[in-house]
Amino acid sequence: GPRKVVLTDITYFYYGPVRTTFYACLFRDPFTMEILGRAISEHMDQALVDEAYQDMMAKHGSELRAPEVVIHSDQGSQYTSTSFKQMLKEDGFIQSMSARGCSLDNAPMESFFARLKTRLLGIIALCRDFASARTVLENYIDDYNTKHYQWGLAGLTPHEYYLYVTTGVYPCDNYYGVKASEMMKLEDLAEQRTANAAKK
């Protein structure tokens, strides 16, 4: 189900004539395929992971309050750090890690990064500076969540699919003659149902 497991990993990109490297850390719901949190930096350090985690919690923390939500990663030093483990513990998450050196244990993230790079490496390589490269990646992720329709998600975007599976209402322009703009927003309905479930 949605928001039951969250996958995370770090990958690299490069831009410009000397292939200057930078890094991205993402947190992703493998059920809805939605990117929940992200951070992009010139340094692959603890701050990168912490920033992506805080981004996820700021945007989706209320959706991740169900018991026994699992955060899965590889055994990178950023994820095995005491500070990261403490953050997960304080927020009530269960930490899961891949076996050492076994990338297949986090295959959905590895697969997503492979597709992401297939689409973006050639574009990002044309960027003159880090700011431009970061903008390209950030905007792609925003579009992926809200504009990329996927056959495996009932023909919806990852964000729409989350709303669909949590409300039971398929998002349309109109519902049997009543415009969607005249009805309650799906985001509001999902938020209220999440809040009600948390009270039980």
Side-chain angles (χ1 to χ4, degrees), residues 2-16 18-117 119-121 124-125 127-145 158:
R3 310 303 193 252
K4 301 295 185 187
V5 174
V6 177
L7 307 178
T8 180
D9 203 356
I10 301 170
T11 195
Y12 70 92
F13 296 87
Y14 50 81
Y15 64 87
V18 296
R19 294 166 61 107
T20 305
T21 304
F22 68 100
Y23 304 91
C25 175
L26 303 181
F27 285 78
R28 183 173 186 243
D29 181 339
F31 187 85
T32 66
M33 309 298 185
E34 192 172 1
I35 302 302
L36 305 180
R38 69 175 184 229
I40 302 165
S41 172
E42 295 174 285
H43 307 286
M44 190 175 69
D45 53 15
Q46 189 64 49
L48 174 69
V49 172
D50 292 351
E51 182 184 338
Y53 179 83
Q54 295 303 334
D55 184 55
M56 173 183 72
M57 295 305 290
K59 294 174 181 174
H60 303 281
S62 62
E63 302 161 9
L64 296 164
R65 295 302 180 194
E68 299 185 344
V69 176
V70 174
I71 306 287
H72 181 79
S73 69
D74 60 21
Q75 292 193 39
S77 60
Q78 297 86 353
Y79 297 116
T80 58
S81 71
T82 302
S83 62
F84 184 72
K85 290 182 177 181
Q86 185 63 30
M87 279 197 306
L88 295 187
K89 183 178 180 181
E90 289 174 358
D91 287 326
F93 295 120
I94 297 171
Q95 186 172 26
S96 168
M97 289 186 173
S98 302
R100 187 176 297 277
C102 186
S103 60
L104 291 178
D105 284 352
N106 204 2
M109 277 304 290
E110 300 288 351
S111 176
F112 175 77
F113 280 149
R115 293 193 307 275
L116 178 64
K117 288 183 176 184
R119 294 186 177 182
L120 289 187
L121 275 182
I124 291 176
C127 293
R128 296 179 184 275
D129 52 39
F130 172 63
S132 298
R134 178 177 183 150
T135 297
V136 169
L137 183 53
E138 287 180 334
N139 288 340
Y140 176 87
I141 291 171
D142 289 341
D143 283 358
Y144 171 82
N145 277 341

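Val6 is not listed as a side-chain neighbour of Arg28, based on a closest heavy-atom distance of 4.5 Å or more. The closest side-chain heavy-atom distance from Ser98 to His72 is below 4.5 Å. Taking the side chain as every heavy atom from C-beta outward, Ser132 and Tyr15 never approach each other to under 4.5 Å.
What you find for Ile124 and Tyr14 is that their closest heavy atoms are CG2-O, 3.4 Å. The heavy-atom pair separating Pro108 from Leu7 by the smallest distance is CB-CD1, 3.5 Å. Contact record, Asp91 with Arg65: O-NH1, 3.7 Å, taken as the closest heavy-atom pair. Of all heavy-atom pairs spanning Leu26 and Met109, the tightest one is O-CE, 3.9 Å. Closest non-hydrogen pair, Gln78 versus Asp45, comes out as CG-O, 3.7 Å. Closest of all the heavy-atom pairs between Val70 and Ser96 is CG1-CB, 3.6 Å.
Using a distance-only test at 3.5 Å, with no hydrogens or angles considered, no donor-acceptor pair links the side chain of Arg3 to the main chain of Asp29. Listed for the Glu34 side chain is no donor-acceptor partner under 3.5 Å among the backbone atoms of Pro2. Checked by atom type and distance alone, the side chain of Asn106 pairs as donor or acceptor with a backbone atom of Thr8 at under 3.5 Å. When atom types are taken as modelled, the side chain of Asp74 and the backbone of Gly76 share a donor-acceptor pair closer than 3.5 angstrom. Checked by atom type and distance alone, the side chain of Glu42 never pairs as donor or acceptor with a backbone atom of Phe22 at under 3.5 Å. A donor-acceptor pair is defined here as one N or O able to donate and one able to accept, closer than 3.5 Å; such a pair exists between the side chain of Thr135 and the backbone of Ala131. Side chain of Tyr140 to backbone of Arg119: no donor-acceptor contact under 3.5 angstrom is found.
Counted by atom type alone, Tyr79 and Asp9 present zero donor-acceptor pairs between their side chains at under 3.5 Å.
Comment: Arg38 engages Asp142 in a salt bridge, judged by a side-chain N to carboxylate O separation of less than 4.0 angstrom.
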- Task: Please assess Val49 against Phe84 for the test side-chain contact (heavy atoms from CB on, under 4.5 Å), listing each intermediate value before the final yes or no.
- Result: CA-CA 8 Å; Val49 172; Phe84 184 72; 3.7 Å; yes
- Start with the C-alpha gap between Ser81 and Gln46, add the side-chain angles, then the distance that decides, and say whether side chain to side chain donor-acceptor pair (under 3.5 Å) holds. CA-CA 8 Å; Ser81 71; Gln46 189 64 49; 3.0 Å; yes
- Test log, rule side-chain contact (heavy atoms from CB on, under 4.5 Å), inputs Glu63 and His60: CA-CA 5 Å; Glu63 302 161 9; His60 303 281; 2.9 Å; yes
- From CA spacing to verdict: side-chain contact (heavy atoms from CB on, under 4.5 Å), Thr21, His43: CA-CA 9 Å; Thr21 304; His43 307 286; over 6 Å; no
- Item | Worked check of side-chain contact (heavy atoms from CB on, under 4.5 Å) between Leu120 and Leu137 | CA-CA 8 Å; Leu120 289 187; Leu137 183 53; 3.8 Å; yes
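Lys59 meets the side-chain hydrogen bond (donor to acceptor under 3.5 Å, both in side chains) test with Asp55; sequence neighbours excluded. For the side-chain hydrogen bond (donor to acceptor under 3.5 Å, both in side chains) test, no residue two or more places apart in sequence or in another chain qualifies with Lys89.
When ring centroids are compared, Phe130 and Phe13 stay outside the 6.0 Å threshold. If you look at Tyr12 and Tyr23, their ring centroids are not closer than 6.0 Å.
Taken from CZ in Phe93 to CE in Met87, the straight-line distance is 10.0 Å, to the nearest 0.5 Å. The CG atom of Leu64 sits 6.5 Å away from atom CG of Leu36, with the distance rounded to the nearest 0.5 Å. Rounding to the nearest 0.5 Å gives a distance of 7.0 Å between CE of Met44 and OG of Ser77. Atom CD of residue Glu110 and atom CZ of residue Arg115 lie 11.5 Å apart, to the nearest 0.5 angstrom. The CZ atom of Arg134 sits 13.0 Å away from atom SG of Cys127, with the distance rounded to the nearest 0.5 Å. Atom CZ of Phe113 is separated from atom CD1 of Ile10 by 8.5 Å, given to the nearest 0.5 angstrom.
The environment of Arg128 atom CZ is sparse: at most 12 non-hydrogen atoms of other residues, nucleotides or ligands sit within 6.0 angstrom. Atom CD of Gln86 is surrounded by more than 12 heavy atoms from other residues, nucleotides or ligands within 6.0 Å.
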